[in-house]
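Presented below is the structure to which this report refers.
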Number of protein chains: 2
Amino acid sequence: MALRHAVLAALLDGEYSGYQLAKAFDIGVANFWHALPQQLYAELTRLEKDGLVAGRQVVQESRPNKRLFRVTEAGRAELERFAAAASKPSFIRDDLLVKVQAADRVGTAPVIEQLQERAAAADAKIELLGALLRQLRGDMDEEEFLLRGERIGPYLTCLRGLAFEREHRDWCLRIAAVLRERRRAPHGER
Amino acid sequence: MALRHAVLAALLDGEYSGYQLAKAFDIGVANFWHALPQQLYAELTRLEKDGLVAGRQVVQESRPNKRLFRVTEAGRAELERFAAAASKPSFIRDDLLVKVQAADRVGTAPVIEQLQERAAAADAKIELLGALLRQLRGDMDEEEFLLRGERIGPYLTCLRGLAFEREHRDWCLRIAAVLRERRRAPHGER
DNA sequence: TCTGAGTAGTCACTTTTTTGAGTATGATGC
DNA sequence: GCATCATACTCAAAAAAGTGACTACTCAGA
């Protein structure tokens, strides 16, 4: 039960529909969890059944009706319990790293290409997160916001995401450069 | 099928038993994938059935017999195919981040504690990876090794792991400091 | 007027990952 | 001499995550 708590945490700041939640999971929440819309709808259904969130129907004209969910007291308590329990260690799990591990035993050309695509994607995400951070802290500077802002959780996770993306971009570019250089000027035998 | 390729990539450097592989997955390979021994044994069985690895029985005295596996030509070809295919984007997936996201809506004390434990664990991993990198590059310096070393794949993924752990440690320490400071000097109302 | 994109979701299914409980032997430490 | 650790694995099951295929309605643009 892991997506469960990510959904609860994402839902702390107000009412969201499954659809809106899916968008949040594509940007801010993606810094600590990832899920497809179907998974979110399913999890919301389970959470509601367990009384951890409450949904209400909102009838709309000119677009489909929707259900908005908010965290209940029981949900908040569950999150409290979760926060106090031990966390599993985090780790990277990335196809691209697997390819790099094999890098000098398989063709490097496609890997170099993917490293560069990744770097570009990371760049895009860095901009997105920068904008999100500016928006979250409003007119305060970061230090002041972190000390006096009233809701810093999402900001803190975005900081982590930003650092991750920067690091990832730099690594991708460096590794791509190394692999290109080695193609240009071959090394030992083989 | 993702663990599959991680196992193949890890097996590129020689013959390993499931048991040895499990150790590798706890240190170096953990930089790009993570798995429990049971999964590795199961995956090795499947890989062998599919002809991507070949196992041979090694009879031992004074300890249980073991089976050593190596990547076959078909396995190498599969890895080649995998390297050329598109990769899924990577993302962080971390309980602790979920807790931080909820940080100012639930009790922060246990979260601060966990952040510090994590920072310490990251420190330990940083040392481990540093030693592994020194061992992998032998008496060359990094630049020379990356250019002329004959097997740099594992080195490159360890570099990623090292950067990740450093970043993670710094973030944990900073966030712990921020949350402590906010407990000391409360902000807005609530 | 047709096409595609955005909103809002559901159902069924498969794959992957995790968890828990075992087996067996020799070596090492108190 | 007894307990625990390290080696080396296996089996079964549950939980979590991911995939594909669908429904329906509105609006904007070609």
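Proteins come first, then strands; the chains are lettered A, B, ... in the order of their sequence lines, and each starts at number 1. From a predicted model like this one, the values you see are computed outputs, not experimental measurements.
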Taking only N and O in the side chain of [X], is any of them less than 4.0 Å away from OP1 or OP2 of [N]?
X       : N      : value
A:Arg93 : C:dT17 : yes
A:Gln39 : D:dA17 : no
A:Lys88 : C:dT18 : no
A:Lys23 : C:dA8  : no
B:Ser17 : D:dT7  : no

Roughly, in whole Å, what's the span from [atom1] in [X] to [atom2] in [N]?
X       : N      : atom1 : atom2 : result
A:Asn65 : C:dG9  : CG    : P     : 9 Å
A:Tyr16 : C:dA8  : OH    : C1'   : 17 Å
B:Tyr41 : C:dT23 : OH    : P     : 17 Å
A:Leu40 : C:dG9  : CG    : C1'   : 12 Å
B:His5  : C:dT17 : NE2   : P     : 12 Å
A:His34 : D:dA17 : NE2   : P     : 12 Å
A:Lys66 : C:dG6  : NZ    : C1'   : 13 Å
A:Trp33 : D:dG18 : CH2   : P     : 9 Å

Hey, does B:Ala35 reach any base, or is it just sugar-phosphate, or nothing, if we go heavy atoms under 4.0 Å? nothing
Whichever of B:Arg67 and A:Ala2 has its nearest DNA chain D nucleotide further upstream toward 5': B:Arg67
Determine, stepwise, if the pair A:Gln101 / B:His5 fulfils side-chain contact (heavy atoms from CB on, under 4.5 Å). CA-CA 10 Å; A:Gln101 170 86 10; B:His5 298 107; over 6 Å; no
What nucleotide, of D:dT7, C:dT18, C:dT7, holds the atom closest to the side chain of A:Tyr19?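 Per side-chain heavy atoms of A:Tyr19, the pick is C:dT7.
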If the threshold is 4.0 Å, N to carboxylate O, is there a salt bridge linking [X] and [Y]?
X        : Y        : result
A:Arg151 : B:Asp104 : yes
A:Lys88  : B:Asp95  : no
A:Glu167 : A:Arg174 : no
A:Glu48  : A:Arg67  : yes

How about B:Phe69 and B:Tyr16: are their ring centroids closer than 6.0 Å?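 No, too far apart.
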Nearest 0.5 Å please: distance from the SG atom of A:Cys172 over to the CG atom of A:Asp123. 10.0 Å
Find the distance between CZ (A:Phe164) and CG (A:Leu159) and round it off to the nearest 0.5 Å. 15.0 Å
If we only count heavy atoms from C-beta on, is the A:Pro110 to A:Lys99 side-chain gap below 4.5 Å? no
Measuring only between side-chain heavy atoms, which start at C-beta, is A:Leu162 closer than 4.5 Å to A:Asn31? no
Regarding D:dG20, can its base be found pairing with the side chain of A:Gln38 as donor and acceptor, where the two atoms are less than 3.5 Å apart?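 For A:Gln38, whose side chain was compared with the base of D:dG20, there is a donor-acceptor pair (under 3.5 Å).
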Axis-to-axis angle between the two ends of the helix from C:dT1-D:dA30 to C:dC30-D:dG1 (five base pairs per end, rounded to 10 degrees):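 Answer rounded to 10°: the end axes differ by 40°.
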Mind running a 4.0 Å heavy-atom check of residues 46-64 of chain A against DNA chain C and sending the residues that fall below it, in number order?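 Only A:Gln60, A:Arg63, A:Pro64 qualify.
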